[in-house]
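Quick notes on the structure that follows.
No hydrogens, no waters, no symmetry mates; every other heavy atom, side chains included, goes into these values. A, B, ... follow the sequence lines: proteins, then strands. Residue 1 opens every chain.
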Amino acid sequence: MKVKNVYDVLKERGFVEQVTDEESVRELLGGDRITCYIGFDPTASSLHIGSLVPIMALAQMQRHGHRPIALVGGGTALIGDPSGKTEMRQILRQEEINANAESLKMQLARYLDFSEGMALLLNNADWLAPLNYIEFLRDIGRHFSVNRMLAAETYRMRMETGLNFIEFNYMLLQSYDFYYLCKHYNCLIQMGGNDQWGNIVAGMDLTRRMEDRKVYGVTFPLIVTSLGHKMGKTEKGTVWLDGRLTAPYEYFQYWINTDDADVKRFLALFTYLPMDEIEKVAQLRDAELNMAKTVLAFEATAITHGDEAAQAALAASMGAFNIKPVRDDILPSSRIPRTPAPESTSAIPFVEIAKERLEEGIPAFELFCDAQLCRSKGEARRVLTQGGGYINGEQIQAFDMKIGPDHIDAGGEIRLRKGKKIFAIVRVR
RNA sequence: GGAGGGGUUCCCGAGUGGCCAAAGGGAGCAGACUGUAAAUCUGCCGGCGGAGCCUACGGAGGUUCGAAUCCUCCCCCCUCCA
């Protein structure tokens with residue numbers, strides 16, 4: 001059986017917003033191995049859920065026999081992309097960027113197979129840094145019309161708030177990347193968020209002028225939740241892909257809290273489950289729909305943190321939230337365990353408390369702070385006064401209730417809960 | 001370089017000498033209802049064990065019994081002119 005055209009796959013799964021030349025791109029992707037690229041900004045030491053769409057797009061490309069290039073923008077990050085932003089981005093120091101670029105490489109390796117040139121990881125600092133200003137202006141700059149650049153949405157929206165020259169040059173550098181990758185790596189397609197459209201098109205133009213070659217661009221829709229929220233933001237801040245910054249359990253929680261209306265769309269984008277199974281999710285209701293969310297959380301966590309971590313997160317959530325096992329006929333291709341897992345709290349975040357301290361008795365609001373359920377004692381007091389604090393499943397009545405040794409359960413733990421869904425375990429040391 | 005307008009708490013944004021920890025909105029948190037969803041209603045929403053105290057209205061000084069508010073200098077942003 002012939003492998004499905006990856007362009008159709010991407011389109012079906014909701015990855016495609018705009019294409020520069022749909023027919024040609026489809027034809028290209030239906031043929032022999034081609035090379036495509038997406039740029040990632042090393043402005044933080046970890047990628048977050050917001051970068052998952054591009055990552056998954058590259059992964060899909062690779063699974064369908066093409067060669068993805070993940071381009072770390074070590075050079076362009078020195079300038080700051082104005083696209084989609086209303087204010088100038090903070091410019092980072094060279095060392096920070098280099099360090100970030102390194103950790104991004106590690107992360108991307110979990111989604112893409114970089115062995116034997118099946119995928120490439122490049123850093124544009126390698127070719128941007130040595131550029132010489134005069135030469136660059138003469139060879140590259142002359143191909144750009146300022147009039148046309150100003151017409152680009154990217155810059156137009158900045159005309160009101162202000163745009164400085166360094167940012168104005170971003171388009172030239174990103175265009176140069178595309179040209180460079182085409183020339184040296186035979187890269188024919190650039191993908192990116194829809195805010196990159198202007199930069200991608202400019203890169204195509206430059207490549208045509210410099211190399212006389214036709215290249216293509218595909219953009220992804222900006223993914224927001226059906227409530228209009230940005231992906232990957234919670235009350236605890238950004239949901240990172242790095243397990244040290246966001247524990248797999250938290251990551252799992254993020255996905256299981258997906259809105260009803262987003263489950264199907266997210267399964268298509270963020271898992272590899274077959275579309276015919278995902279389509280059936282539309283018919284699910286109530287408890288069944290929650291099972292689909294469980295699968296989404298499991299699959300997404302397994303992709304980012306591995307099967308083992310996903311299973312631990314699942315087991316912890318089942319214990320804490322009384323989740324029913326997922327029925328066999330719901331998304332049958334998923335490897336999610338479908339029997340009740342032995343209850344385990346091992347994946348839930350925990351803090352250790354010295355035995356002596358506990359023997360004296362710790363006021364509940366202080367313990368909530370120590371367990372990082374609340375940011376300040378004031379907040380903890382408020383939460384507890386409003387009845388939002390629970391200990392071993394019981395609502396805490398007084399904010400300063402003393403927590404002592406008799407609260408330790410058979411497993412040697414104290415279970416704290418804030419609100420409905422945030423848990424912490426206290427272990428006595 | 002000149003003239004004018006600005007920088008307020010997570011974000012937007014009101015506030016022009018005491019009644020200002022600062023209106024209003026958004027976001028967020030908790031409770032009720034639920035399905036770890038949404039919608040709705042209620043309460044909360046700088047720190048400190050509640051009192052008062054501390055820290056906060058771009059930065060540094062000053063005037064005043066008292067400053068987000070007035071004065072001086074500095075930094076940054078915007079608009080128009082050059």
Applying side-chain contact (heavy atoms from CB on, under 4.5 Å), name anything that partners L269(A), two or more places apart in sequence or on another chain.
F15(A), I223(A), R265(A)
Watson-Crick or G-U counterpart of U63(B), or none if no pair lies under 3.5 Å:
none
Which label fits Y176(A) and Y180(A): parallel for a plane angle under 30°, tilted from 30 to 60°, or perpendicular past 60°?
tilted
Opposite nucleotide pairing with A14(B), Watson-Crick or G-U, both atom distances under 3.5 Å:
none
Taking only the P atom of each, what is the distance from G61(B) to C57(B) in whole angstrom?
12 Å
Short of 4.0 Å, heavy atom to strand atom, which residues of residues 377-405 of chain A count as contacting RNA chain B?
K377(A), G378(A), R381(A), R382(A), V383(A), Q386(A), G387(A), G388(A), Y390(A), F399(A), D400(A)
Between C29(B) (C1') and F368(A) (CZ): distance, integer Å
13 Å
In whole Å, what is the span from the CZ atom of R375(A) to the P atom of C10(B)?
11 Å
Scan the side chains in residues 308-322 of chain A for donor-acceptor partners under 3.5 Å anywhere in the protein, sequence neighbours excluded, and list what turns up.
from	atom 1	to	atom 2	distance (Å)
S317(A)	OG	Q253(A)	NE2	2.8
S317(A)	OG	A313(A)	O	2.9

Separation of atom NZ in K418(A) from atom P in U36(B), rounded to whole Å
18 Å
Excluding sequence neighbours, so at least two apart, what forms side-chain hydrogen bond (donor to acceptor under 3.5 Å, both in side chains) with K324(A)?
none
Which pairs, with at least one residue in residues 266-293 of chain A and sequence neighbours excluded, count as a salt bridge (charged side-chain N to carboxylate O under 4.0 Å, His left out)?
D260(A)-K293(A), K264(A)-E279(A), E288(A)-R327(A)
Would you give me the side-chain donor-acceptor pairs under 3.5 Å for residues 392-405 of chain A, sequence neighbours excluded?
from	atom 1	to	atom 2	distance (Å)
N392(A)	OD1	R415(A)	N	2.9
N392(A)	ND2	H407(A)	O	2.8
Q395(A)	NE2	G387(A)	O	2.6

When you compare G25(B) with A82(B), how far apart are their C1' atoms, in angstrom units rounded to a whole number?
42 Å
Quick one: which residue pairs count as a salt bridge (charged side-chain N to carboxylate O under 4.0 Å, His left out) with a foot in residues 97-106 of chain A, not counting sequence neighbours?
E102(A)-K105(A)
Tell me: CZ of F252(A) to P of U36(B), nearest whole Å?
13 Å
Excluding sequence neighbours, so at least two apart, what forms side-chain contact (heavy atoms from CB on, under 4.5 Å) with K420(A)?
none
Side chains of R13(A) and D8(A): closer than 4.5 Å at any heavy-atom pair?
no
What is the base-pairing partner of C53(B), counting Watson-Crick and G-U wobble geometry with both distances under 3.5 Å?
G47(B)
What are the atom names and distances for every N/O pair under 3.5 Å that joins the protein to nucleotides 38-41 of chain B?
none

Let me know the distance between OH of Y254(A) and P of A37(B), rounded to the nearest Å.
14 Å
Look at the side-chain N and O atoms of S376(A) and state whether any lies under 4.0 Å from the OP1 or OP2 oxygen of G46(B).
no
Determine the interatomic distance between P on U8(B) and the same-named atom on A23(B); round to the nearest Å.
16 Å
Pairwise C1' distance for G26(B) and C76(B), with rounding to whole Å
27 Å
For C80(B), give its Watson-Crick or G-U wobble partner with both distances under 3.5 Å, or none.
G2(B)
Please report, rounded to the nearest Å, how far the P atom of G31(B) is from the NZ atom of K420(A).
6 Å
In residues 318-335 of chain A, what residues come within less than 4.0 Å of RNA chain B, judged by heavy atoms?
F321(A), I323(A)
Taking all non-hydrogen atoms of both residues into account, name the closest pair between D177(A) and N124(A) and its distance.
OD2-ND2, 2.9 Å
Nearest listed nucleotide, side chain of E366(A), among G49(B), C29(B), U36(B)
G49(B)
What is the base-pairing partner of A27(B), counting Watson-Crick and G-U wobble geometry with both distances under 3.5 Å?
none
If we take the P atom in both C71(B) and G17(B), what is their distance in whole Å?
12 Å
Nearest-nucleotide comparison on RNA chain B, the residue closer to the 5′ end among F365(A) and A287(A):
A287(A)
For C33(B) and A39(B), measure between their C1' atoms and round to the nearest Å.
11 Å
Considering only distance and modelled atom types, tabulate donor-acceptor pairs under 3.5 Å from the side chains of residues 56-64 of chain A, sequence neighbours left out.
from	atom 1	to	atom 2	distance (Å)
Q62(A)	OE1	D113(A)	N	2.9
Q62(A)	NE2	D113(A)	O	2.8
Q62(A)	NE2	M118(A)	O	3.3
H64(A)	ND1	Q60(A)	O	2.8

Determine the interatomic distance between P on G18(B) and the same-named atom on G66(B); round to the nearest Å.
14 Å
Can you tell me, in whole Å, how much space there is between the P of G58(B) and that of G15(B)?
15 Å
Return all side-chain donor-acceptor pairs below 3.5 angstrom for residues 358-365 of chain A, not counting sequence neighbours, or 'none' if the list is empty.
none

Does the plane of the ring in Y251(A) sit parallel, tilted or perpendicular to the ring in W255(A)? Use 30° and 60° as the thresholds.
perpendicular
